[in-house]
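First the structure, in the form of structure tokens, and then the observations on it.
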Amino acid sequence: MAALLWLVFFRMEATLGFKARFGGPATMQHSPMWDFLYVRTNEHLFWIAHIGLALPAAILTGWSLAPGFERLRARLRELGAAEASRWRRWLGGYGLLLFATAMLMHALVMLGGPVTDDEYAVRFGAEIWLEGGLSVELPDPRSAFLLPFTYLEDGRISSMDFPGAIAVRALSLVTHLGALLYAAMAALTGVLVVATVERLWGRRIALLAMLVWALCPLALWVSATTHAHVASRLGIAAALYLLARLETEGATRGRDFFALGLVAGLAFCVRPAETGALLAPLGALWALRAGRRQAGAARGLGLALLGLLGPLLAFAAYNAALTGDPLVQARFVPDKILATQIEPLSSWDRIGVNAGHNLSLVTVYAGGPLMVASWIAGILSSGRHSARGAYVAALILGLAMHAALALLHDDVGVHVVGPMHFTDTAPSLVVLAAAGWHFIDTRWTPGPWHARVFGAVLCAGVLGYGSFAWVHGKSVREASELRDAPHAFLDAQGVEDAIILAFPPGYYFNFDAEISGAWVLQNPYPHPSWSKGRIFVAIDADAAALARAFPDRPLLRLTRDPQGDQWSLTAVAAP
């Protein structure tokens, strides 16, 4: 039966275009409200068939092959009882595996490039910082430059993103580590999540967390990018680990509280709202304990606030330098930012269009029915008589507050590597699932079917997640190839330093709903010195003004014949 289900699953993928296809707003036939909500029919087929065919096939495969996993079960039991030094070596090896996976996916699937325009904007901001300032002069004609997610004031431009995100990208550039830095942060995040679970519920549950974090699409795909969420997730995971240490230690330790405040503050500088929502309830738990005069809680809370103070002051200073107000961040000055305009929604519509859409995507990318069942068990484990109930209850409240953020804005976000706006929830969701696994484990009576359940769960993870990653990954690579197509043509023509009048990639590949597109809708941003590499401008830009602004650089127009898929490059003579 399992073989039949696998046959149907992969035959559908091969013959019916059964894969996720990505496109931007230009593919839409609906109102602008739905632009980034768009999910194609074959994506729905992909998700439904993964749940209805691939996942049952994986479970049946594991059930039938269970006797062959006995040696693996014995090794895992041995590891669960091993000395601490051996466990640490396993964690180190696990981190190296996560690092290698992230780098391979970035190189082979993302083709070394971004998956969203946000990454272009953050890199642009980092390069401005490395030029020695927070902003640079935008040359005339300003209307020629298509630079969304930037902040423009008095003719000077900068990234509108949060300073923590820009600082991490600047570090990756100045150290020449690039994607290596992001892969290392992603790997450390996974290690901290597993260490958190081991602290709270032991190694047996932590081994399951290892498997889930390594394969879960919600954790896996963002780890392969250079997106800001890689850094914020690391800070959140570090905070969850430190809180787990405080929860399990016999006495509170001041250095843990100070480190907690510091890592939470650094994560706040990358993604303030998400970090605040996820961690605030856990901080409130310790404030409540301090109010009840729990030993060490008040002193620890003070040290945590001291650790938090430095990043918050740096954040405020950056805001003041850029916008003139320490409490106003650049992205919240609507008349000075260049960004995609999104149709306003009512609060009622945001429940379905924003929160509902993203929550449904979380269930898809976080693992489907098995993970949903784990979360339910985790919620049940948060009762007042549970040993870790307060921690889990605060975790659940943080997740609920994060989901509620979708009711405060209209930007649904993209889902090329999972629901981007909800990706910071991955550490909390895996820890919550671990609480559920522990809850089930304490009520599970081992019997003759125990080995078969082990095999079913193992294969559901490895084969179920693996089939998702294979099909989804082919589509992400296709989107990456389309993103790079115009630049490959320019490379072949030997064009290095020129002003390129061109449509954005979104125009070339998203005008037809039958053609796959890329979520990167814009051309690469220029270096802020305006003197390095190719500079892309709007195809209808004022050629005479460009010639005056860049007298030593040729003006070229890049076009594409949609019928023959042929690119052409012609010189533009300034009037």
Side-chain angles (χ1 to χ4, degrees), residues 25-26 114 117-161 166 169-170 173 318-319 321-325 328-341 486-487 490 493 495-508 520-560 568-575:
D117 293 294
D118 305 48
E119 289 165 84
Y120 279 150
V122 172
R123 179 182 177 118
F124 182 63
E127 289 173 335
I128 290 174
W129 284 20
L130 296 180
E131 288 289 301
L134 300 182
S135 62
V136 293
E137 189 76 22
L138 181 63
D140 288 323
R142 291 170 187 162
S143 60
F145 299 92
L146 304 176
L147 305 174
F149 312 112
T150 54
Y151 177 78
L152 181 64
E153 183 175 20
D154 297 330
R156 299 186 66 83
I157 193 168
S158 61
S159 172
M160 75 174 196
D161 219 303
I166 300 173
R169 195 68 174 105
L173 294 176
Y318 177 79
N319 290 342
L322 199 61
T323 68
D325 188 332
V328 177
Q329 209 275 330
R331 68 167 58 212
F332 300 122
V333 187
D335 58 333
K336 296 180 181 178
I337 62 172
L338 305 176
T340 303
Q341 298 302 310
H487 315 300
L490 291 171
Q493 299 299 310
V495 177
E496 296 182 0
D497 295 307
I499 308 300
I500 310 294
L501 290 83
F503 286 112
Y507 174 87
Y508 295 120
V520 181
L521 302 178
Q522 301 297 328
N523 287 304
Y525 290 20
H527 190 275
S529 67
W530 313 106
S531 62
K532 298 180 181 180
R534 300 187 285 247
I535 297 180
F536 289 90
V537 297
I539 198 163
D540 57 353
D542 186 336
L546 288 169
R548 289 192 297 269
F550 302 96
D552 299 326
R553 311 189 76 176
L555 271 62
L556 304 173
R557 178 175 281 109
L558 176 67
T559 56
R560 172 182 176 272
S568 62
L569 195 64
T570 56
V572 178

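Bear in mind the structure is a predicted one, so any value in this text is a computation, not a measurement.
Not counting sequence neighbours, the partners of Lys336 by the salt bridge (charged side-chain N to carboxylate O under 4.0 Å, His left out) test are Glu153. Asp117 meets the side chain to side chain donor-acceptor pair (under 3.5 Å) test with no other residue; sequence neighbours excluded. His527 is linked by a side chain to side chain donor-acceptor pair (under 3.5 Å) to Ser529, counting only residues two or more places apart in sequence or in another chain. Considering only residues two or more places apart in sequence or on other chains, Thr570 meets the side chain to side chain donor-acceptor pair (under 3.5 Å) condition with none of them. Applying the side chain to side chain donor-acceptor pair (under 3.5 Å) rule to Gln329 yields no partners; only residues at least two apart in sequence or on another chain are considered.
The structure places CD1 of Ile166 at 8.5 Å from CG of Leu134, a figure rounded to the nearest 0.5 Å. For the atom pair CZ (Arg142) and CG (Leu152), the distance works out to 6.5 Å, reported to the nearest 0.5 Å.
No salt bridge links Arg123 with Glu119; every basic N to acidic carboxylate O contact stays at or beyond 4.0 Å.
Ala498 and Leu556 get closest at one heavy-atom pair: CB-CD1, 4.0 Å. Minimum heavy-atom separation, Pro524 to His487: CD-CE1, 3.2 Å. Scanning both residues, Ala126 and Ala170, for their nearest heavy atoms gives CB-N, 3.4 Å.
Side-chain N or O atoms of Arg169 include none that pairs as donor or acceptor with a backbone N or O of Gly125 at under 3.5 Å. Checking side-chain atoms of Ser135 against main-chain N and O of Arg156 turns up no donor-acceptor pair under 3.5 Å. Counting only distance, with no hydrogens or angles, the side chain of Tyr525 and the backbone of Pro148 share a donor-acceptor pair below 3.5 Å.
For the salt bridge (Lys or Arg N to Asp or Glu O under 4.0 Å) condition, the pairs that include at least one residue of residues 548-557, sequence neighbours left out, are Asp497-Arg553.
Just one of Phe536, Phe124, Trp530 meets the ring pair (Phe, Tyr, Trp, His ring centres under 6.0 Å) condition when paired with Phe145; it is Trp530.
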